[in-house]
Amino acid sequence: MQVAKDKVVLFHYTLTDDAGTQIDSSREGGEPLAILAGQGSLIAGVEKALEGKSAGDKFQVTVPPEEGYGLRDEGRTQRVPKKYFQDGDKLKPGMVTVLRSQQGMHQVTVVKVGATVIDIDANHPLAGKTLNFDIEITEVRDASEEEVAHGHVHGPGGHHH
Ligand code: ZN
């Protein structure tokens, strides 16, 4: 069975940046990641690379920022009063925290901490990076009607609810 829209795909991946530094790997947790193909749950570059592949396939894919987490937008760096952060006094440069605004919650990276203000970067931490994925597909199966209706996978590697 090949990966196509509304197939459930289980796969292991190791993600490294261009310097060869490992950013993330499903192998550390042991369980492969389970996704419903064609639902936009993955970055475009990986979704595209999985299409047409089968269980047992091993391959590498290099994803440019445009098909990954987007380009960095320097306009998304801001100075914010410390009082808007729940954990403002504990933050240090490089840490990822949550900022509340009228638009909701945002994951941001702390750039600089002042006495009353904090400079943050609202870009995704992987924005602007070329990403190298090492992928091994372990299973491809049909999704159940319920999984298609929910837009996600149930069971191992997926949602439990
Ligand atoms: Zn569900």
Side-chain angles (χ1 to χ4, degrees), residues 1-18 21-78 80 84-87 94-110 120-161:
M1 187 178 289
Q2 291 185 325
V3 178
K5 190 173 179 337
D6 293 339
K7 299 287 184 204
V8 170
V9 189
L10 280 82
F11 64 98
H12 274 296
Y13 69 92
T14 299
L15 169 59
T16 51
D17 65 15
D18 266 350
T21 307
Q22 186 175 310
I23 298 168
D24 193 13
S25 177
S26 63
R27 292 184 187 278
E28 282 173 7
E31 254 186 34
L33 183 69
I35 63 108
L36 190 57
Q39 295 279 354
S41 55
L42 294 173
I43 55 173
V46 174
E47 185 95 48
K48 217 163 68 180
L50 288 175
E51 216 177 286
K53 301 283 200 307
S54 315
D57 284 356
K58 284 185 193 184
F59 55 97
Q60 290 179 319
V61 56
T62 299
V63 178
E66 293 86 345
E67 293 186 340
Y69 292 94
L71 296 167
R72 277 186 55 79
D73 176 359
E74 296 309 326
R76 301 195 68 194
T77 306
Q78 296 169 34
V80 181
Y84 291 109
F85 298 87
Q86 228 170 20
D87 46 357
M95 286 170 77
V96 174
T97 186
V98 173
L99 179 64
R100 286 165 208 274
S101 78
Q102 285 169 331
Q103 286 83 45
M105 313 269 267
H106 306 271
Q107 262 206 359
V108 300
T109 306
V110 176
I120 53 104
D121 183 346
N123 285 290
H124 188 283
L126 297 178
K129 292 196 175 169
T130 297
L131 307 171
N132 302 292
F133 288 89
D134 221 311
I135 294 176
E136 180 181 2
I137 299 181
T138 58
E139 189 184 339
V140 181
R141 64 167 169 87
D142 286 316
S144 69
E145 275 177 38
E146 194 186 42
E147 285 173 322
V148 173
H150 286 200
H152 57 230
V153 177
H154 293 160
H159 283 242
H160 302 272
H161 60 104

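Quick note: residue numbers are just sequence positions, from 1.
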Any residue meeting side chain to side chain donor-acceptor pair (under 3.5 Å) with Glu31, in chain and number order, not counting sequence neighbours:
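Testing Glu31 for side chain to side chain donor-acceptor pair (under 3.5 Å), a comparison that skips the adjacent residues, returns none.
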Return the set of residues passing side chain to side chain donor-acceptor pair (under 3.5 Å) with Thr138 (not counting sequence neighbours), or none when no residue passes.
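Here no residue qualifies.
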Between [atom1] on residue [X] and [atom2] on residue [Y], distance to nearest 0.5 Å:
X      : Y      : atom1 : atom2 : answer
Asn132 : Asp17  : CG    : CG    : 8.0 Å
Gln60  : Ile135 : CD    : CD1   : 9.5 Å
His161 : His152 : NE2   : NE2   : 3.0 Å
Leu10  : Leu33  : CG    : CG    : 8.0 Å
Thr109 : His124 : OG1   : NE2   : 9.0 Å
Leu99  : Gln107 : CG    : CD    : 11.5 Å

Kindly check if the number of other-residue, nucleotide or ligand heavy atoms within 6.0 Å of [atom1] ([X]) is above 12?
X      : atom1 : value
Arg100 : CZ    : no
Gln86  : CD    : no
Glu51  : CD    : no
Phe59  : CZ    : yes
Glu66  : CD    : yes

I'd like to know whether Gln39 forms a side chain to side chain contact (heavy atoms under 4.5 Å, CB included) with Lys5, so could you lay out the CA-CA distance, the side-chain angles of the two residues, the decisive distance to 0.1 Å, and finally the verdict.
CA-CA 7 Å; Gln39 295 279 354; Lys5 190 173 179 337; 4.1 Å; yes
Decide side chain to side chain contact (heavy atoms under 4.5 Å, CB included) for His150 and Leu36; before the verdict, give the C-alpha distance in whole Å, the side-chain angles of both, and the deciding distance to 0.1 Å.
CA-CA 10 Å; His150 286 200; Leu36 190 57; over 6 Å; no
Shortest non-hydrogen contact between [X] and [Y], atoms and distance:
X     : Y      : value
Ala34 : Pro156 : CB-O, 3.7 Å
Pro65 : Leu71  : CB-CD2, 3.9 Å
Gly52 : Gln2   : O-NE2, 3.2 Å
Ser26 : His12  : OG-ND1, 2.9 Å
Val9  : Ala37  : CG2-CB, 4.2 Å

Scan side-chain atoms only and decide if Tyr13 and Asp24 contain a donor-acceptor pair under the 3.5 Å cut-off.
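A donor-acceptor contact under 3.5 Å links the two side chains.
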Compute whether any side-chain donor of one residue and acceptor of the other, for Asn123 and Glu74, lie under 3.5 angstrom apart.
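No, no side-chain donor-acceptor pair sits under 3.5 Å.
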So, applying side chain to side chain donor-acceptor pair (under 3.5 Å) with Asp121, which one of Arg76, Gln78, Arg72 is it?
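The single option meeting the side chain to side chain donor-acceptor pair (under 3.5 Å) with Asp121 is Arg72.
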What residue among Thr14, Asp134, Thr16 forms side chain to side chain donor-acceptor pair (under 3.5 Å) with Ser25?
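Only one option passes, and that is Thr14.
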Any residue meeting side-chain contact (heavy atoms from CB on, under 4.5 Å) with Glu147, in chain and number order, not counting sequence neighbours
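If we apply the side-chain contact (heavy atoms from CB on, under 4.5 Å) test to Glu147, skipping adjacent residues, the hits are Val8, Arg141, Ala143, Ser144, Val153, His154.
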Step by step, work out the side chain to side chain contact (heavy atoms under 4.5 Å, CB included) result for Leu126 and Leu15.
CA-CA 11 Å; Leu126 297 178; Leu15 169 59; 4.1 Å; yes
Could you check if a side-chain atom of Lys48 sits within less than 4.5 angstrom of a side-chain atom of Val61, using non-hydrogen atoms only?
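Sidechains of Val61 and Lys48: no contact.
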I need the single residue from Ile137, Asp57, Val3 that forms a side-chain contact (heavy atoms from CB on, under 4.5 Å) with Phe11. Which is it?
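Exactly one option meets the side-chain contact (heavy atoms from CB on, under 4.5 Å) with Phe11, and it is Ile137.
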For the backbone of Gly38 and the side chain of Glu47, can you confirm whether one donor and one acceptor N or O come within less than 3.5 Å of each other?
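Yes, the answer is positive, given that a donor and an acceptor are paired below the 3.5 Å cut-off.
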Applying side chain to side chain contact (heavy atoms under 4.5 Å, CB included), run through Glu67 and Ile43 and close with a yes or a no.
CA-CA 7 Å; Glu67 293 186 340; Ile43 55 173; over 6 Å; no
